[in-house]
> 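Attaching a single structure in structure tokens format; questions to follow.
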Amino acid sequence: MRQSKISNKTDSFEYSYFDEKHGSGDAPPSFLEISDNKNQAKRTKQLLIAVFLLIFIAYLINSYHFHFPSAYPIYQTLMVLVALCYLVVSFGYLKLGSYIFVWLIYAGITTLILNHEGLRNPIVIGYTGNLVFAAMLASRRLFLSLCLTIGLTIVAVGLANANGWMHFVGMSFDFMIAVDLLLLYSVISYGIWILTGDLRDLVRSLDHEHQEAVIAQQKYQKIAQLDQLTGLPNRVIAIDRFNHSISHAHRDNTEVAMLFLDLDNFKRVNDSLGHTVGDGLLKTIAERLTSSVREGDTVCRIGGDEFLVVLEDIKDKTIIAKIADKILHNVALPIIVSEHQLTTTCSIGIAVSPGDGEDFDELRKKADTAMYKSKESGKNNAVFYDEEMNKDMLAHIDNVNSIREAIKNEDFELYYQPKVDLNSGKIFSAEALIRWNRNGEIVGPNSFIPIAENTGLILEIGEWVLKEACKQCKQFQERGLNDFIVAVNLSSIQFRRGNLVEVVKSALENANLNASYLELEVTESLLMEDSDRLRNQIRELQDVGVTFSIDDFGTGYSSLAYLRDFDFDFIKIDRSFTKNSVTQENDLALCEAIVVMAHKLKLMVVAEGIETDEQRIFLKRAGCEFGQGNLFSAPIPAEEFCMRFTSGDTVLLNSEASDSPLLV
Ligand code: C2E
Ligand code: MG
Ligand code: MG
């Protein structure tokens, strides 16, 4: 559409006189060419009407006033010819019409001159107009021909008159009149020549600028349609091609499949190896996707590590599954970027038209939903959309909205679970664990923290938790828990996207709590990211005086290099080891090994999830300094925590008193 508009506009610049093509004689003008130059046609018609009216008025004046009947047929012929010329232009023969028009006026003026007073006839002035029309409507060659013809006519008529070869009515004639006229027309022609030359240059430069603008626009259009990194089409083109495929599918009674593809570990690659490696990975994936599909199918990138594949002309759903398998296989092949060997996988959601809808956005949403299911079911696979997923998704949206509301209404509460010194039975700190009071029902974090992390709402929740925990810690201290420490769990999202350092500092400041009373619990998987951003944040917080512990230790990754790189204070052995420490020899051996390793690295060990006295004893024997678990206390609200554990200078848990037979 836009293209055709541009070319129409270009036409309007091609005023005939300035058209070098015609003037230079490179391409001889074809008079019978049909022109769609509306602007020039309009001008020619306007001039034809004006000339027609002029001849008509002259004819009326002549017939009522001067009574030169010999001139009547000339006027009448001219009027008919002008009208015919108008018709020729109206039928689109613009060049032919313009040429006839210019020569017609010349012929009319010359005839009137020859019929009456010769060069003394005021109609001679008409040649000026004739020249202007020629300059406006016809080519440079015609203009020059007309100049010459008018000059020769004036000389010829002047000579004929002076020598008595022709006799004109009226005053006596002197050849100097012809000379004067010749000079006058030479000057006028020269003036018109210069003027039109200037106009021609102006139009040429405008035309040039216009062409450049068109090229730039086309370039920008291309840029806007392609993803700069991978060179794949973007969403706009994808929509266009999708709609195209849908109309083909209607005609051929086939299906169109949309595959929504998301890389499974892209963030980690980007965060740990940097954006250049991340970009290289995306480029290779783009190439692999393109080579995995058929010609005519569309692959486009719609965001960070998200791609859409539109498969058209599907006669059998097994073809979709085959292509999806091929994609999964090709994406999972090792990739080498800047000397790093990477392996990545992807999760694919598939929606098929017409079954799942015919609208691009509708299908994309459904493919997206299926992709999430694919992630949930372990990643690196392809899942077809079904209606059940939609219900799940609606429930998910409902949950997200409810979490948003809960943040606004501060419907969250912190429960506290003590950490106990296994040797003295003394409690020295408590872990703050969030609960959601959802219409009176207390909901645990596992059912909403993952959603909050996916939607970024964890940033607001995390900020609230830090503020609240610091405030509460201060209160615990004021109510008798001397040097009491509060531990807060952090999400990796808070390190990646939030301004964690500021948030922590402001929470401490707000509660007037010394930083050494705040402990932050981070998971192993976060530390595996090993990005500069993460290191800097941890270091900055450690410089302030905040302590760190590694939560759920043993459940994460196999590399322990981070233990050397980060200078932490505590390791919290995951409760899965604690649970089996009594019954499974291997688990006890693991606990012992973790403790030895931790002590060598000057880290203290907390055993999580201690539920029985037996476990407590085994873990104490294994060398764990601290314990946490339902044996001592389940997580409880702050007020209850205060009532139970602030009964004097030394807080001892009943069953852990040093004289207890269980304490060995
Ligand atoms: P976590 O940090 O490992 O917390 C310990 C979890 O183990 C808590 O579950 C606690 O109630 C449970 N637990 C403690 N002792 C025992 C026991 O003896 N037996 C059993 N079976 N379980 C025990 P909870 O409160 O449901 O928290 C689950 C996870 O949610 C936490 O694991 C933590 O990763 C996360 N979480 C809790 N609060 C927050 C928060 O404020 N922010 C963030 N980002 N995550 C939080
Ligand atoms: Mg924890
Ligand atoms: Mg834990």
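Computed from a predicted model, the values in this text were never measured in an experiment. Counting convention: from 1, in listed order, for ligands and their atoms alike.
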> Can you figure out which of Val465, Asn446, Leu631 has its heavy atom closest to atom 29 (C) of ligand 1?
Asn446
> Ignoring hydrogens and angles, tell me if any N or O in the side chain of Lys366 forms a donor-acceptor pair with the backbone of Asp356 under 3.5 Å.
yes
> Would you indicate which of Ala634, Ala487, Pro635 comes nearest to atom 11 (O) of ligand 1 when only heavy atoms are counted?
Pro635
> Atom 15 (N) of ligand 1: which of Glu608, Gln628, Gln417, Lys572 has the nearest heavy atom?
Gln417
> Work out how many protein N, O or S atoms lie closer to the Mg ion (ligand 3) than 2.8 Å.
4
> From atom 9 (O) of ligand 1, is the closest protein heavy-atom distance below 4.0 Å?
no
> Are any side-chain N or O atoms of Ser633 and backbone N or O atoms of Gly629, one a donor and one an acceptor, separated by less than 3.5 Å?
no
> Quick test: of every protein heavy atom, which one is nearest to atom 24 (P) of ligand 1, and how far off is it to 0.1 Å?
Pro445 CG, 3.7 Å
> Answer yes or no on whether Arg533 is positioned over the face of Phe495, meaning its NZ or CZ is under 6.0 Å from the six-membered ring centre and within 45° of the axis.
no
> Could you find the nearest protein heavy atom to atom 18 (O) of ligand 1 and give me its residue, atom name and distance?
Asn630 N, 2.8 Å
> Considering only heavy atoms of Asp552, which atoms of ligand 1 have at least one such atom less than 4.0 Å away?
3 (O)
> To which protein heavy atom is atom 20 (C) of ligand 1 closest, and what is the distance rounded to 0.1 Å?
Glu611 OE2, 3.3 Å
> Considering only protein heavy atoms, which is closest to atom 46 (C) of ligand 1, and at what distance to one decimal place?
Asn489 CB, 3.7 Å
> Side chain to side chain contact (heavy atoms under 4.5 Å, CB included) with Thr523: which of Ile550, Asp574, Asp552?
Asp552
> Is the closest heavy-atom distance from Gly609 to ligand 1 below 4.0 Å?
yes
> Do Ser347 and Asp262 pair up side chain to side chain, a donor and an acceptor below 3.5 Å, judged on atom types alone?
no
> Which residue and non-hydrogen atom of the protein lie closest to atom 31 (C) of ligand 1, and at what distance in Å?
Leu433 CD2, 4.1 Å
> Find all atoms of ligand 1 within a distance of less than 4.0 Å from any non-hydrogen atom belonging to Glu431, and give their numbers and elements.
1 (P), 2 (O), 4 (O)
> Of Lys579, Glu521, Arg575, Arg435, which has the heavy atom at the shortest distance from atom 23 (C) of ligand 1?
Arg575
> Quick check on Gly462 - does any of its heavy atoms sit under 4.0 Å from an atom of ligand 1?
no
